[in-house]
There are 2 protein chains.
Amino acid sequence: MKKYEAISAEIKRRIMEKEYSTDSPIPDEISLAKEFACSRMTMKKALDVLVMEGLLYRKRGHGTFIVKSAIDNKLVNVGTGESLGLTNLLKNKKIESKIVLYEVMFPNEEVASHLSITTKTPVYHIVRLRIVDGEPYVLEDTYMPSDLISGLTEEILHFSIYQYIKEKLGLTIAGSHRKIRACKSNELDQQYLNCASDDPILEVEQVSYLNTGTPFEYSFSRHRYDKFFFTAVSILKP
Amino acid sequence: MKKYEAISAEIKRRIMEKEYSTDSPIPDEISLAKEFACSRMTMKKALDVLVMEGLLYRKRGHGTFIVKSAIDNKLVNVGTGESLGLTNLLKNKKIESKIVLYEVMFPNEEVASHLSITTKTPVYHIVRLRIVDGEPYVLEDTYMPSDLISGLTEEILHFSIYQYIKEKLGLTIAGSHRKIRACKSNELDQQYLNCASDDPILEVEQVSYLNTGTPFEYSFSRHRYDKFFFTAVSILKP
DNA sequence: GAGTGGTCTAGACCACGGG
DNA sequence: CCGTGGTCTAGACCACTCG
């Protein structure tokens with residue numbers, strides 16, 4: 001365990017357990033560094049994590065304070081997210097997957113360009129309906145290069161592709177770029193998400209990358225508008 | 001100008017001008033630190049900025065590489081955004097504002113709780129239609145404590161509230177928490193955004209904070225679904 | 001082993017806000 | 001003035017990947 005992560009976790013615990021007052025600043029960086037027997041730079045890095053998560057804010061010349069609203073609201077932080085994939089995000093829920101389509105094909109120009117491959121490189125094309133606690137939740141339309149993500153089976157698709165990539169293929173997922181938009185529902189949405197023809201859809205277009213910088217997934221997640229929203233924390237530079 | 005920002009900007013320039021190959025790593029941190037006459041920690045911080053923006057990625061034991069797709073797509077980075085407000089985001093466009101409603105009122109429970117005030121504290125309630133290059137773009141429904149954001153005039157509402165807060169009131173905006181969702185359009189949307197009754201809306205619910213941690217704005221921005229999408233860069237921890 | 005980025009140190013000075 | 005956080009330094013050792 002990295003030192004700054006351990007410190008960060010301990011301070012987070014103290015905040016959540018209300019061991020620090022929300023009316024006065026938490027102890028200053030130098031005192032905390034002394035308490036945790038680390039340098040001030042390391043202490044700062046530990047606090048940086050919590051500032052990023054929206055739990056703390058700093059006032060130059062004053063100190064570091066707790067964001068009051070952060071204690072009650074358990075934010076799903078997406079800005080610098082901890083994990084990707086439904087299986088990770090909804091750990092307490094029962095998640096099922098219905099495979100709507102599973103094929104190997106040559107990508108069109110658009111898909112190929114987002115995956116940084118040619119139209120001659122075969123890709124998996126997967127359409128999955130994800131069902132959370134018995135309710136249809138999201139329809140995922142996913143493209144992955146078949147040589148990169150090899151050995152996919154229907155059994156894996158019924159569970160978690162991300163877990164397979166990490167644990168069985170030993171690849172490291174580095175992050176993703178997303179575009180979030182609203183759009184009209186199409187027939188496929190209506191059929192599988194069980195929604196009305198005038199129900200909107202929240203669509204997340206996503207390119208995910210390995211730590212090698214290689215894109216491994218280009219996907220469109222189409223969410224029921226009443227079952228999902230996206231959260232983001234934005235911190236401006238001074 | 002801070003040193004690491006200046007270095008960061010210069011490296012960004014080099015990437016955009018294609019002065020570095022995208023097939024090999026950019027120079028290592030120690031060489032770059034030497035070139036820019038700074039310590040390695042400062043160099044690292046400068047590169048951190050570009051990693052956050054999705055322009056670079058690092059491979060331990062290998063080097064630091066350019067994200068190929070980042071050069072073409074000019075991402076509007078929202079994750080750790082540079083600025084808030086339309087006036088900043090769309091600098092090249094002609095932005096007009098039509099004031100639909102402008103009143104002072106007592107907030108309901110929901111608004112009060114998000115602004116961390118009581119229902120006895122008066123707030124401005126502002127509904128503005130923002131028009132970009134002559135096209136209706138977003139309908140903003142905004143609540144602000146009137147004692148905090150004092151001296152608002154219609155003239156300011158026609159231009160930029162954020163700029164007024166920063167430049168005239170001398171307050172510093174620290175960041176915001178957002179929820180992004182899709183929803184159905186209502187009559188107000190249809191009237192002002194000039195959209196059909198079955199057109200969806202991309203709604204951004206936002207609480208914005210000053211650097212004091214005080215919430216100063218609770219707003220709902222309702223966007224035409226065909227004129228706006230939200231982008232986010234997500235970087236996972238190793 | 002050589003070279004990379006990742007973490008950490010023990011200081012230094014600066015910028016800001018308050019008394 | 002003092003105390004706060006913000007930046008910066010010149011090193012150190014570790015973890016990882018490759019030849």
Side-chain angles (χ1 to χ4, degrees), chain A residues 1-9 11 20 23-52 55-67 80 170-172 174-175 210-214 235-238, chain B residues 1-9 11 20 23-52 55-67 80 166 170-175 210-214 235-238:
Chain A
M1 177 68 107
K2 280 160 243 170
K3 198 164 188 171
Y4 76 88
E5 284 182 354
I7 296 171
S8 186
I11 302 218
Y20 289 134
D23 295 323
S24 43
I26 67 170
D28 65 273
E29 296 179 346
I30 295 175
S31 309
L32 285 172
K34 197 171 292 177
E35 183 197 336
F36 285 97
C38 69
S39 72
R40 194 180 151 215
M41 288 295 282
T42 301
M43 195 65 234
K44 193 182 286 293
K45 196 162 179 180
L47 296 179
D48 277 346
V49 174
L50 302 181
V51 171
M52 294 292 180
L55 255 70
L56 293 175
Y57 63 93
R58 295 187 171 108
K59 265 172 87 175
R60 197 192 198 112
H62 290 264
T64 302
F65 298 78
I66 296 170
V67 175
T80 54
L171 302 173
T172 304
L210 299 175
N211 65 338
T212 57
T214 310
I235 299 155
L236 305 185
K237 293 171 198 166
Chain B
M1 174 68 107
K2 283 160 244 171
K3 199 164 186 172
Y4 76 88
E5 284 183 354
I7 296 172
S8 186
I11 303 218
Y20 289 135
D23 296 321
S24 42
I26 67 171
D28 65 275
E29 296 179 345
I30 296 175
S31 308
L32 284 171
K34 196 169 293 177
E35 183 197 335
F36 284 97
C38 69
S39 73
R40 193 179 151 215
M41 288 295 283
T42 301
M43 196 64 234
K44 194 181 284 294
K45 196 163 179 180
L47 296 179
D48 276 346
V49 174
L50 302 182
V51 171
M52 295 291 182
L55 257 68
L56 293 176
Y57 64 93
R58 296 186 171 108
K59 266 171 85 174
R60 198 194 196 107
H62 289 266
T64 303
F65 298 79
I66 297 171
V67 175
T80 54
K166 283 188 284 191
L171 301 173
T172 303
I173 299 169
L210 299 175
N211 65 340
T212 58
T214 310
I235 300 157
L236 304 185
K237 293 172 196 165

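Proteins come first, then strands; the chains are lettered A, B, ... in the order of their sequence lines, and each starts at number 1.
Closest-nucleotide positions on DNA chain D for B:Ala37 and A:Gly63 were compared, and the one nearer the 5' end corresponds to A:Gly63. Nearest-nucleotide positions on DNA chain C for A:Thr42 and B:Gly61 put B:Gly61 closer to the 5' end.
In this structure, B:Ile30 atom CD1 and D:dA10 atom P are separated by 14 Å, rounded to whole Å. The distance between atom CZ of A:Phe36 and atom C1' of C:dC8, rounded to the nearest whole Å, is 16 Å. Atom P of nucleotide D:dT9 and atom NZ of B:Lys2 are separated by 15 Å, given to the nearest angstrom. If you measure from atom CG of B:Leu56 to atom P of C:dG6, you get 12 Å, rounded to the nearest angstrom. C:dG11 atom C1' lies 18 Å from atom CE of A:Met43, rounded to whole Å. Per the geometry, NZ belonging to B:Lys34 stands 13 Å off C1' belonging to D:dA10, to the nearest Å. In this structure, CG of A:Leu47 is placed 13 Å from P of C:dC8, rounded to the nearest angstrom. Distance B:Arg60 CZ to D:dC18 C1': 15 Å, rounded to the nearest Å.
In this structure, the nucleotide among D:dC8, C:dA15, D:dT7 sitting nearest to the side chain of B:Ser39 is D:dC8. Taking the side chain of A:Met41 as heavy atoms from C-beta on, and the options C:dG6, D:dT9, D:dG5, the nearest nucleotide is D:dT9.
Looking at A:Glu5 and A:Lys45, no side-chain N of the basic residue comes within less than 4.0 Å of a carboxylate O on the acidic one, giving no salt bridge. Ion pairing of B:Glu29 with B:Lys34 is absent here, as no side-chain N (NZ or NE/NH1/NH2) approaches a carboxylate O to less than 4.0 Å.
For C:dC8, neither phosphate oxygen OP1 nor OP2 lies less than 4.0 angstrom from any side-chain nitrogen or oxygen of A:Tyr4. Dashed line: the shortest gap from a side-chain N or O of B:Lys3 to OP1 or OP2 of D:dT7 is not under 4.0 Å. Within the 4.0 Å cut-off from OP1 or OP2 of D:dG5, not a single side-chain nitrogen or oxygen of A:His62 is found. The shortest distance between the side-chain N/O atoms of B:Arg58 and the OP1/OP2 oxygens of C:dG6 is below 4.0 Å. Side-chain N/O atoms of B:Thr64 include one lying less than 4.0 angstrom from OP1 or OP2 on C:dG5. For the pair A:Lys59 and C:dG17, the criterion of a side-chain N or O lying under 4.0 Å from OP1 or OP2 is not met.
Contact check for A:Ile26 versus A:Leu56: side-chain heavy atoms found under the 4.5 Å cut-off. Side-chain contact between A:Ile7 and A:Cys38 is present, with at least one heavy-atom pair separated by less than 4.5 Å. The shortest distance between side-chain heavy atoms of A:Leu47 and A:Arg58 falls below 4.5 Å.
For B:Arg40 against C:dG6, a side-chain N or O and a base N or O form a donor-acceptor pair under 3.5 Å.
Within the 4.0 angstrom heavy-atom criterion, base atoms lie near A:Lys44.
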